[in-house]
Structures are given as C-alpha cells and as structure tokens.
Protein chains: 2
Amino acid sequence: MRMIDVAREAGVSAMTVSNVINGRTGVSAETRLRVLATIADLGYQVNHAARHLRAGRTGAVGLIVPDLDGPYYAQLATRLARDLHERGLHLVLEQTNASPERELEAISFGRLRMYDGLIMSLLRLDAADLDQVSFETPVVFIGERPVPPAFDHIMMDNVGGARLATRHLLKSGARRIAVIGGRHDDGTEDMPSLRTRGYRQAHAELGVEIDPRLVVEVESFTTPSGFRALTWLQESGVPFDAVFAFTDAAAMGVLRALADAGLQVPQDVQVMGFDNGTETEFLVPRLSSVEPGNGAMAERIVELLDRRMAAGGNGGAEVPPQVTTMVNARLVLRETTR
Amino acid sequence: MRMIDVAREAGVSAMTVSNVINGRTGVSAETRLRVLATIADLGYQVNHAARHLRAGRTGAVGLIVPDLDGPYYAQLATRLARDLHERGLHLVLEQTNASPERELEAISFGRLRMYDGLIMSLLRLDAADLDQVSFETPVVFIGERPVPPAFDHIMMDNVGGARLATRHLLKSGARRIAVIGGRHDDGTEDMPSLRTRGYRQAHAELGVEIDPRLVVEVESFTTPSGFRALTWLQESGVPFDAVFAFTDAAAMGVLRALADAGLQVPQDVQVMGFDNGTETEFLVPRLSSVEPGNGAMAERIVELLDRRMAAGGNGGAEVPPQVTTMVNARLVLRETTR
DNA sequence: TCACACTTTGATAACGCTCACATTCTGAAT
DNA sequence: ATTCAGAATGTGAGCGTTATCAAAGTGTGA
C-alpha cells in the first residue's frame, strides 16, 4: 500500500496525497476530503523510512540518559514522552550507563541522524569531546556538565536548591550536616560541585563552620551508593546530626543505613533529599526533598527543542542558543526534617 | 558522504562497500581492508533511512509498556536494552499509560514498521483486538493477557510464585492474609487472577479458609494504589495479620500505610511483595518478595525475538510460536516476614 | 475575445542504499 | 591452449516519499 495507490484510487496524483497528509496549502477542500476518505478507506499509512530518506525527518526524538532504573530519569522520560506525544513526536531512549564511550557513541553522527532532535544528559563527556561532534541535529543538553556555547542547555537551580535545603536544616538546629555526594574542591561545574556550593553558601550565610569530614564523595547517586556512603561515615565515627543527599535515590539508601544504625529520623538525624521524586511520599519516614521544578523543566526542554527543530540546527544565527537555569527550586518538607 | 563516495575513493563499487559493511562473504581480505580503511578515513556512516527503505530493516526493537515511572518496567527496559545492545539492536520505548487506545495505536501497522521487532506488554487489549492486526513484524508478548496462538508469549510463574509466597506466610503463622490486587472471580487469565489462584491454592493445600473481604481489588499496581488499598482495608475494620501485594510497588504503599496505622512489620503484620525489584533491599523494613526470574526472563525475551526476527514473521510454519512460562520463581525473604 | 494573475494539480527526479543478476577474474583440470 | 567452476566485483533498478517546477484550470478586467 503506497501513496500512489491511494492517489490512483482517489483519482489524483501522489503529490496531492502527500500534500493532504502533510497539511500543505494548495489543495482544494473538495480534493482534500476525497483523499482523506480514500486514505481511511484503504487504511493507508505513510512509510516512515521513505519519508525519512526523502525529507530527512524521522518524527523521533532521542533521549540519552545514564540510567533508567533509578527513579529520576525514568520519571523525566515519562514526562517528556507525554509532552512530545502531544506534538506528534516519539521518544526513543538510549542508556549510556554513565560510560564515556557509550555517551560518545550515542552522539555519533550516524546515530544522530536517526532523530529529529536529541535530549542529552551528559555525565562524563565535556565540552572538548563535544567540539569534535558537528551537530546538525537539534540538541538540548540537560545537566550540569559544561557544554559548547553553540548549544541549548538547561540546568536545574542546583546552587539555589542546595542552599535552600541546607538553610532549612541549619535553621532547624542542625550543626553537623553530612553531605552525600559533595565535593571537596570547587573546580568543576558539575552537579555535585554546584550543590556543594549551595551547601557552603548556606553555612557561610549563617556563620556555621563545615567539618570537611562531613563532605562524603560518592561514585554514583544511586540507592546502594547512598547506603554505602552513610555506612562508611557511620563507621568512621564522624558525628553528624543531619544528612543532605544529593538525590532522592541516595537518600533512600541513607534512610536504610540510618535504620540499621538504630538512629531515629528526624529526632537523632534529619535527612533531606533532592529531586522530589514520586517515591519520596511513600518512604518510611516520608522524605523531605528539594523540588527542582521537574514539570516545568520537561516543558522547557520540549519548548527549546521544538524551537530549534523548527529552525533547523544548532547555534544558528536565527536562533541563538539559550542557557536556561531553572530558578524555581523549592523545599517540600515531609517527615525526615524537623 | 555516501557509500558511492567511499567506493570511488577505495576504487571499488558501492556494492562492495555495502558487502564489507554488512559482513557479507565474497569480498577478498585485501579489498575489505582497503574499504575499511577508507571508511575510517572519510568517517563514513551508513544512512539508516536509506537502508531501512531498501532492505526493510531498522535495527530497532520497540518495547511497549504501560508505564516507566514504576520500578518494574524501568528495570526490565534496562535489562532488555543491555541484552539487545549486545546484538547490535536499539531499544525504543513507548508508553501506553495502560490505555487501550494507546495500546492499539502502538501496534498499528504504521508504527510497527518502525521496528524490526516488538516486545509488547499488554494490559488492556485482548486476543480479539489483536486478531485484527496483521503482524508481519516479529512480536513477543509479555504479561498475562491471552494472546492469539500465532504469537510468542512469555509469562511469569504467577501461580507458582503466589503459591510459594502464600504458603510461606501461612506456615509462618499468618491466618488472615490480605491480598492487594486480588480478584474475586477466577474467570480471566490475567496477572491478578493468576496470582490470586496461587493464593487460593496455597490456602486449599494447608486447609485454611479465605475471608473474601481480604481480597482487595485495585485499579493499578502502583505505590499510591497500594497505599489507598491498605488504608481502605484498615478503615473497613477487617482484621488481617499479613499482606500479600501483587507488586513491589504496591507493597511499598502498603508498608507506608501500615506505618501510618502504627502497625509493626512483621510483628503485627507480615508483608510480601512480588517482582523482587532492586528497591526492596532498601525499604524500611526490607521487603520480602517473590523473585520471578527477571534476568532469565529478559534473556528469554531477546532469544525468542531474535529467533523470530531471523525467521521473518509471526506464526510461520518454520518457527512455531512458543508460549513460555517461567518456572523458576523463588522467595527472597527479608525483614517484612517472620 | 484576450491577456494576466492566481489557484490547483501533476510529472519528474532525486534521497542512499541493497537485491538480483551479470560480468570479470583466478587458477586448476582437460 | 581451452574449458570451466568458483570466487570476487560490478551494473542497474527500485524501495516510497517529497521538492521543484511546469502545466492546466479559474476567474477578472480591459
């Protein structure tokens, strides 16, 4: 079943059928109706491959994320899929497992051409690696790795959110806030560094000293990782009266480790997460968390991508690249804080 | 940059380049090396759209699931993506939000052609709806909805797993086991009915009566749904000494509701989940669960799909459709059971 | 009646690849 | 030398769509 078959049946040319299907102007209402009826009649469906080959459009948007088993990206994917579906686009998922090779592979030219647009969360690659890649495909980067200036980039309000969370803990009496995923050096502009910066700012503002032993670096921000980090901290004998975990997933591991240690939350130790995922509401005890504006962020991503897809490519003069930092982080206080 | 450009540069025809790229026989080692060198030299990448149009292959496998924000499908997707990647295939995700319209849309002919193969988890559609759809694309169904006999179908050991779980609860002294997601009628062959059947079998074997009020039907198997179900049960005043939730996600909601009610787990009430997701290990208390053989299931899915993709289509005489029921369900006992 | 603008429709040629088949080459057997 | 099998390589067509531009149809004013 090809377009030409529909055309023959409707007594028009393939071009007219194409025009009807793509909503182009220059088709009389009468013809349009006849063609539409024939399409419905024959149950015709366009061949995406042919359209892609000829027109260079695929109708698919790639989302490249480090993992999907954690709650954060799965929830982001769900939101994005919904928003893109409204615009007639598909979401195709690729996982990199946070490996630089897989990140590079995912943005390789051949792969890129599979998509009309790309939403990419980098964890390992940085600007230098990206410079080699010439993006004709519109891309929106999310996350905190530095990105070449030609690209759209959306970041959470990491500093602000972390500052807010830390202020709250300090004001509620905590004086020794362990930070799971923090960084000792403030050199890089990645998520851990930025959130640590907010943590430090809040301490500075309220005049509280930070014991560097409270800053626990971790390899990943998963639940097992959070569990291990807190177990290690506990065993190392450093006293603490609050824990700020840089993701909800890690906070879940922290809660588990605290329960194992027989510590009461929030009486003995307060706990704060980051992301405000749907699961926080159901943990025991319910996790207080930083809501970074997840819904607004997904909308903004799709909006930026749409704009750039309409324009054609990245860094064009017509559509200057946007760097958006979400600024609406707020706290959602539940049972793990006083 | 086209294949013909590589061919010209290497002093061969496009067909030879194609043969090299696709690993076909009939190319001398010398020529192959020269072509490969030229490809690397020019940085050539095949155009998937053209290949797809001409050869009818896409290199992509679709996974159609009701949701991704819950842990179960996200973890399944992660496993599948890994196994498929090993075979040079992509995983493309589509969510149906458990709506029949979206399920039908996902298996519509036009969509199907985007994929070399499809892994489909049905929740709402049944055999009658599927009969209308002529599948040329290889499909493997997962989950418990009945499926036309022409298709491959993989099911968990629902009855066995539920029986195992219920036996354990009964043997550890429970006499009033609430079942979240159970079915009162045993008519349909879907997941809730099958697991309820295992629950009934275990009771029959050990000669324990079931109070029908303990069988709580739910709309979905999410955490909020589990929470609501248990809250409702609690408020309705029906006594119970154990809860068997048909998914870990629902069990998580149950644990939260029990904590709200001030009930101790497992002293007052034992809790058992199903799926043995990665999060069970970190809940407070750690959730005992039925491990249905998730890893083996993902492998089996890919294996079946691969076989059928090699063969061409569904229900062919050469490759008779397989209905596989995984039989290796086992219990993983943690802290929510005695 | 004719010229002219404007709207609607159609013919043709790609897009880049691979299938089917044709051709050339190699070396051993006759 | 000649034949021939088998391996290596090339030729040409066409997958289904859409961009371009040409052609036909429609109506208006001189």
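Numbered from 1 within each chain, the chains take letters A, B, ... in sequence-line order.
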Rounded to the nearest 0.5 Å, what separates atom CE in Met3(A) from atom CG in Asn47(A)? 9.5 Å
Taken to the nearest 0.5 Å, the spacing of Thr78(B) OG1 from Tyr73(A) OH works out to 13.5 Å
Can you tell me how far [atom2] of [N] sits from [atom1] of [X], to the nearest Å?
| X | N | atom1 | atom2 | result |
| --- | --- | --- | --- | --- |
| Ile4(A) | dG10(C) | CD1 | P | 10 Å |
| Met1(B) | dC17(C) | CE | C1' | 15 Å |
| His48(A) | dG16(C) | NE2 | P | 20 Å |
| Arg8(A) | dG16(D) | CZ | P | 12 Å |
| Asp5(A) | dG16(D) | CG | C1' | 10 Å |
| Leu53(B) | dA14(C) | CG | C1' | 12 Å |
| Met3(A) | dG14(D) | CE | P | 20 Å |
| His52(B) | dC19(C) | NE2 | P | 13 Å |

Taking the side chain as C-beta and beyond, is there a heavy-atom pair between Val140(B) and Arg308(B) under 4.5 Å? no
Which of these nucleotides, [options], is closest to any side-chain atom of [X]?
| X | options | answer |
| --- | --- | --- |
| Asn47(A) | dT11(D), dG16(D), dT18(D) | dG16(D) |
| Ala55(A) | dC17(C), dT11(D), dT18(D) | dT18(D) |
| Ala14(B) | dT18(C), dG16(D), dG16(C) | dT18(C) |
| Met15(A) | dT20(D), dT17(D), dC17(C) | dT20(D) |

Residue pairs passing the salt bridge (charged side-chain N to carboxylate O under 4.0 Å, His left out) test with at least one member in residues 7-24 of chain A, sequence neighbours excluded, are Asp5(A)-Arg8(A)
For Arg54(B) and dC19(C), is the shortest distance between a side-chain N/O and OP1 or OP2 below 4.0 Å? no
Check whether any side-chain N or O of His153(B) sits under 3.5 Å from a backbone N or O of Gly143(B) as a donor-acceptor pair, and report yes or no. yes
Where is the tightest heavy-atom contact between Arg79(B) and Asn294(B), given as atom of each residue plus distance? NH2-CB, 3.5 Å
What do the steps show when you test Met1(B) against Val6(B) for side chain to side chain contact (heavy atoms under 4.5 Å, CB included), and what is the final call? CA-CA 8 Å; Met1(B) 166 75 58; Val6(B) 177; 4.2 Å; yes
Please list, in numerical order, the residues of residues 17-41 of chain B that have a heavy atom closer than 4.0 Å to any atom of DNA chain C. Ser18(B), Asn22(B), Arg24(B)
